[in-house]
Engineer: 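Handing you a structure now.
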Amino acid sequence: GVEVGPQPQGVVRADILDKMRKIVKHGLDFVQLFNEGKEFPPCTIEVFKIMEKVDYPRNQNDEVIAIIHPKLQDQDWQPLNNGDPLFLTLDGEIIAYKGDCTVYPTFINEAAYYEKKQAFVKTVKVKLTAKHIRASV
């Protein structure tokens, strides 16, 4: 599957649609070449692995008590290090990231995830290596 984004719910953006068309075309080109017996060399790719879904800080009544910190807003896929600001309470207190490794948050403050109690998703970079492949024709 191909998820088309980032874009607000119910909005169709020409630039995002163009990117989606390009990635689908590359996928179809790969399938065509594979089916024709083309051999693909080994490769390594860097990907982001989902580690944890992070909720907003809440009080005893399950009410949200902090918002995404302005320095984190719109920083999807950017490194987040120990001590970096995550949330800002309504009283102005900064809640910092406490972690033992760099993470890469994504889906930060996405409206579609409020009801799922998800402020953002923590990911880590992982390298995947594939051996050469070729269809048996």
Side-chain angles (χ1 to χ4, degrees):
V2 176
E3 181 174 339
V4 180
Q7 61 185 350
Q9 294 172 295
V11 173
V12 179
R13 290 181 38 170
D15 59 332
I16 302 299
L17 183 60
D18 185 54
K19 288 178 184 179
M20 185 270 306
R21 284 182 173 143
K22 285 178 183 172
I23 195 68
V24 168
K25 182 185 179 316
H26 286 302
L28 293 173
D29 289 346
F30 171 82
V31 170
Q32 178 67 34
L33 292 169
F34 181 81
N35 287 341
E36 291 172 357
K38 177 173 175 58
E39 184 171 343
F40 293 88
C43 66
T44 300
I45 186 171
E46 200 169 64
V47 298
F48 294 89
K49 178 180 177 184
I50 293 175
M51 300 305 291
E52 176 186 5
K53 295 176 182 178
V54 179
D55 192 8
Y56 294 89
R58 295 177 183 272
N59 64 17
Q60 297 88 345
N61 297 326
D62 205 35
E63 299 166 326
V64 173
I65 58 168
I67 59 175
I68 295 292
H69 191 280
K71 289 185 178 179
L72 181 60
Q73 185 64 52
D74 302 320
Q75 297 301 307
D76 295 78
W77 311 111
Q78 299 305 309
L80 182 68
N81 298 298
N82 188 45
D84 288 347
L86 281 181
F87 298 103
L88 185 62
T89 69
L90 302 178
D91 297 333
E93 179 187 340
I94 295 173
I95 300 172
Y97 170 61
K98 294 180 178 129
D100 55 0
C101 69
T102 299
V103 295
Y104 298 82
T106 189
F107 304 116
I108 300 168
N109 204 23
E110 291 278 346
Y113 298 114
Y114 276 110
E115 66 188 34
K116 296 178 182 182
K117 295 185 175 183
Q118 182 178 310
F120 63 93
V121 173
K122 285 195 310 189
T123 70
V124 293
K125 281 188 183 182
V126 178
K127 288 187 179 183
L128 299 179
T129 301
K131 298 178 182 178
H132 75 278
I133 58 171
R134 181 177 63 193
S136 55
V137 288

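Computation of the quantities below employed the complete heavy-atom set of this structure, encompassing side-chain atoms and omitting hydrogens, waters and symmetry-equivalent molecules.
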Engineer: Assigning hydrophobic clusters by single linkage (Ile, Leu, Val, Met, Phe, Trp, Tyr; side-chain heavy-atom cutoff under 4.5 Å), is Leu17 placed with Val24?
Structural biologist: yes
Engineer: Report the distance from atom OG1 of Thr102 to atom NZ of Lys125, rounding to the nearest 0.5 Å.
Structural biologist: 9.5 Å
Engineer: Look up atom CD1 in Ile23 and atom CG in Leu28, then write down how far apart they are to the nearest 0.5 Å.
Structural biologist: 10.5 Å
Engineer: Using the six-membered ring wherever Trp is involved, compare the ring planes of Phe87 and Phe120 and label them parallel, tilted or perpendicular (cut-offs 30° and 60°).
Structural biologist: tilted
Engineer: Would you check if Leu86 and Leu80 make a side-chain contact, meaning some heavy-atom pair closer than 4.5 Å?
Structural biologist: yes
Engineer: Do the non-hydrogen side-chain atoms of Lys116 and Lys53 ever get within less than 4.5 Å of each other?
Structural biologist: no
Engineer: Considering all heavy atoms of both residues, which atom of Phe107 and which atom of Gln118 are nearest to each other, and what is their separation?
Structural biologist: CB-NE2, 4.2 Å
Engineer: Look at the side-chain heavy atoms of Ile, Leu, Val, Met, Phe, Trp and Tyr, link any pair under 4.5 Å apart, and say whether Met51 and Trp77 land in one connected group.
Structural biologist: no
Engineer: Consider only side-chain heavy atoms of I, L, V, M, F, W and Y, link residues closer than 4.5 Å, and tell whether Ile95 and Val54 are in one cluster.
Structural biologist: yes
Engineer: Give, for atom CD of Glu63 and atom CZ of Arg58, the distance between the pair rounded to the nearest 0.5 Å.
Structural biologist: 9.5 Å
Engineer: Would you give the length of the straight line joining atom NZ of Lys38 to atom CD1 of Ile133, rounded to the nearest 0.5 angstrom?
Structural biologist: 10.5 Å
Engineer: Quick one: closest heavy-atom pair of Lys127 and Thr44, and the distance?
Structural biologist: CB-CG2, 4.0 Å
Engineer: Over all heavy atoms of both residues, which pair between Ile94 and Pro85 is shortest? Give the atoms and the distance, please.
Structural biologist: CG2-CB, 3.7 Å
Engineer: Minimum heavy-atom separation for Pro57 and Ala66, please, with both atom names.
Structural biologist: CG-CB, 3.8 Å
Engineer: Report whether Ile68 and Val64 are members of the same hydrophobic cluster (ILVMFWY, side-chain heavy atoms less than 4.5 Å apart, transitive linking).
Structural biologist: yes
Engineer: Within a reach of under 6.0 Å around CD of Glu115, are more than 12 heavy atoms found that belong to other residues, nucleotides or ligands?
Structural biologist: no
Engineer: Is the shortest heavy-atom distance from the side chain of Val124 to the side chain of Lys49 under 4.5 Å?
Structural biologist: yes
Engineer: Are the side chains of Leu33 and Glu36 in touch, meaning some heavy atoms are under 4.5 Å apart?
Structural biologist: yes
Engineer: Side chains of Ile67 and Tyr56: closer than 4.5 Å at any heavy-atom pair?
Structural biologist: no
Engineer: CD/Gln73 to CG/Asp76 distance, rounded to the nearest 0.5 angstrom?
Structural biologist: 8.0 Å
Engineer: With a cut-off of 6.0 Å (strictly less than), are more than 12 heavy atoms of other residues, nucleotides or ligands near CZ of Arg21?
Structural biologist: no
Engineer: Decide yes or no for Tyr104 and Gln78: does some side-chain heavy atom of the first lie under 4.5 Å from some side-chain heavy atom of the second?
Structural biologist: no
Engineer: Side chains of Leu72 and Tyr97: does their closest heavy-atom pair fall under 4.5 Å?
Structural biologist: no
Engineer: Is it true that atom CG of Asn61 has more than 12 heavy atoms of other residues, nucleotides or ligands lying nearer than 6.0 Å?
Structural biologist: yes
Engineer: Transitively linked via ILVMFWY side-chain contacts under 4.5 Å: Val126 with Ile45?
Structural biologist: yes
Engineer: Are Pro105 and Lys122 close enough that some pair of their side-chain heavy atoms sits under 4.5 Å apart?
Structural biologist: no
Engineer: What I want to find out is whether Lys25 reaches Asp29 closely enough, with some N-O distance under 4.0 Å, to be called a salt bridge.
Structural biologist: yes
Engineer: Go through Tyr114 and Asn109 one step at a time and tell me if the side-chain hydrogen bond (donor to acceptor under 3.5 Å, both in side chains) criterion holds.
Structural biologist: CA-CA 8 Å; Tyr114 276 110; Asn109 204 23; 2.5 Å; yes
Engineer: To the nearest 0.5 Å, tell me how far Glu52 CD sits from Thr123 OG1.
Structural biologist: 11.5 Å
